[in-house]
Amino acid sequence: MKIVCAYSGGLDTSVMVHWLKERYDAEIITYTGDLGQGDDLDAIRAKALRTGAVRAVVDDLRERFVDEFIFPALKANALYEGTYPLHTALGRPLLAARLCEVAVEFGADAIAHGCTGKGNDQVRFEVAAQCLAPHLGVIAPLREWDLTTRELEIEYAVERGIEIPVTLEKPYSIDENIWGCAIECGEMEDLWAEPPEDAWRMTKDPRTVKLPSREIIIGFEQGIPVSLDGEMLPPVLLLEKLNQIAGDYGIGRMDMVENRVVGLKSREVYEGPAAVILVAAHVELERVVLDRPTSTYKRRIADDFANLIYDGLWFGPLRHALQAFVDETQKHVTGEVRIRLSAGRYIVTGRRSPYSLYDDGLATYSHGDTFDREAAAGFLKLYGLSYRTWGGLQRKVGEHPSE
Ligand code: ARG
C-alpha cells in the first residue's frame, strides 16, 4: 500500500507518518505545499525523510494560490459571516488537489490528512478529493487513532524516537498563509478572554504603533490588485508587501465566534492585514463602477460565495457558476483606491476609475448641475402611486400609518 500524506512538520503530521506506516504497513510519501506560511521547506523535507517517508514532495504553491483561489474570492468580496477572509478555507482545496495529483503521479492508493474530527478542514479536504479523485481512499488518522490528546501524541513520539517540533511551548493551533493567519486554543477558548499578545504573528500591537499615518494607493485591473503606490507588482509580492505595511500598523486583527460546518461554534482569532485592506479597496472600487442592480445582487451572493468556500465546495458546480457571474461583473473594476493607514485603522480616502459611473454633472450641488429636477416630480408621482392608493384606503377605514 502507498499513501500520500499531507505534512507540515508539526506534531500531528509527524506522528501521522509513523502511525500510518505501522497501521497500514504502507509506504509513505509526504506532501508539503508552500502557501506562504513562512516555514523552512528544506528543513521540512529533510525531517519528513528522517521520520520515515520514502519520499518528500515539497512545492511552492504561492502563485497558484493567489491567482486561482485568493483573487477569485477577492473578486467576490468573500468574507465568512461578514468577517473572516477565509485564508484556511481557500488553502485546503488547493492542498487537496495537489495531494490527489501527487497520489496519481506515484500510483498511490490513498491520501491522508491531519485534520481533526470536529473541524472544518476535514470537510474541505475530503469533499475536494471526492470531486477530483473519487477513486482514491482518504485516511484521517486523527479521527481513528487513540492519541486523543497532545500529551498522548508526545508520549507516542518520544517512545518511537519521532522528533517533536521545538515550537510546542505555545499552546496555540496556528494556520498561516499569505492571505492570513488563524490562531486557536489556549486561553482563547474562554470567549471573554482577550487574545494574548504573543498569539499574533502578522500584526504589531496597534496600541504601541508609533508610525506616522500614511496613505497607500492600490491599483486594480478587472478586479485584481496589480499595483501598490503606482508600482506594478506581481501578485505574491504585492500581498507580501501589503501584509508587511498594514501589519506594521497593527491592521487586520479579527476576533470572532463563528459557526463551523459540523455544528459547533468556535472562537477564532484571525489576522489578515492585506486581506482586509484589499477587500475594502475592492468593495470601494465596485461602488464606483457597478450599476445599482448588479451591485445589490453581487452583495447578496457574496455571502453565498463565502459560505461555499467555508463549506468545502470550491470545486463544485455552484462555485463555478457563481464565479462566472462574479468574473463577468469585474470587466470594469479597474482603477485606483487610496487608503489612509494609522495605528490599527484604515479608511478609504479616494477612488478613481476610467469606467467610473459617477457623473459630476448629475451629482453636483454647485454650478453645472445637469440633473433634471422637474422630472423628479413626475417620477415621484408614479413611484409613490401604490403607497398613495394604500394611504387613501387607510384613511377610509380609519387607520393611520403613523400610529
Ligand atoms: N476556523 C477557520 C476555518 O475553519 C480556521 C481554521 C484554522 N485552523 C487552525 N489550526 N488554526 O477556516
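First listed ligand is number 1; within each ligand, the first listed atom is number 1.
- Ring centers of Phe325 and Tyr297: under 6.0 Å apart, within the cut-off.
- Ranking protein heavy atoms by distance to atom 10 (N) of ligand 1, first place goes to Ser173 OG, 2.7 Å.
- Ring pair Phe69/Trp314: centre-to-centre distance below 6.0 Å.
- Taking the charged nitrogens against the carboxylate oxygens, Glu176 and Arg201 do have a contact shorter than 4.0 Å, which makes a salt bridge.
- Neither the backbone nor the side chain of Tyr172 comes within 4.0 Å of ligand 1, counting heavy atoms alone.
- Inclusion of Asn120 in the set of residues having an N or O under 3.5 Å from an N or O of ligand 1 is warranted.
- Numbered from 1 in the order shown, with element, the atoms of ligand 1 that lie under 4.0 Å from a heavy atom of Ala182 read 5 (C), 7 (C), 11 (N).
- A heavy-atom distance below 4.5 Å is not found between the side chains of Leu136 and Val138.
- What sits closest to atom 11 (N) of ligand 1 on the protein, heavy atoms only, is Glu184 OE2, 2.8 Å.
- Just one residue in the list Arg287, Gln330, Lys75 forms a side-chain hydrogen bond (donor to acceptor under 3.5 Å, both in side chains) with His282, and that residue is Gln330.
- Counting atoms of ligand 1 from 1 in the listed order, those under 4.0 Å from a heavy atom of Arg124 are 3 (C), 4 (O), 12 (O).
- Nearest protein heavy-atom neighbour of atom 1 (N) of ligand 1: Glu258 OE2, 2.7 Å.
- Taken to the nearest 0.5 Å, the NZ atom of Lys381 stands 7.5 Å off from the CZ atom of Arg388.
- Set against the non-hydrogen atoms of Tyr84, the atoms of ligand 1 under 4.0 Å away are 2 (C), 3 (C), 5 (C), 12 (O).
- Between Arg92 and ligand 1, no pair of N/O atoms sits closer than 3.5 Å.
- Counting heavy atoms from C-beta on, the side chains of Ile216 and Ile277 come closer than 4.5 Å.
- The side-chain heavy atoms of Arg98 and Tyr31, taken from C-beta on, include a pair separated by under 4.5 Å.
- Within the structure, ligand 1 lacks Arg260 among the residues with a heavy atom less than 4.0 angstrom away.
- Ranking protein heavy atoms by distance to atom 2 (C) of ligand 1, first place goes to Tyr270 OH, 3.1 Å.
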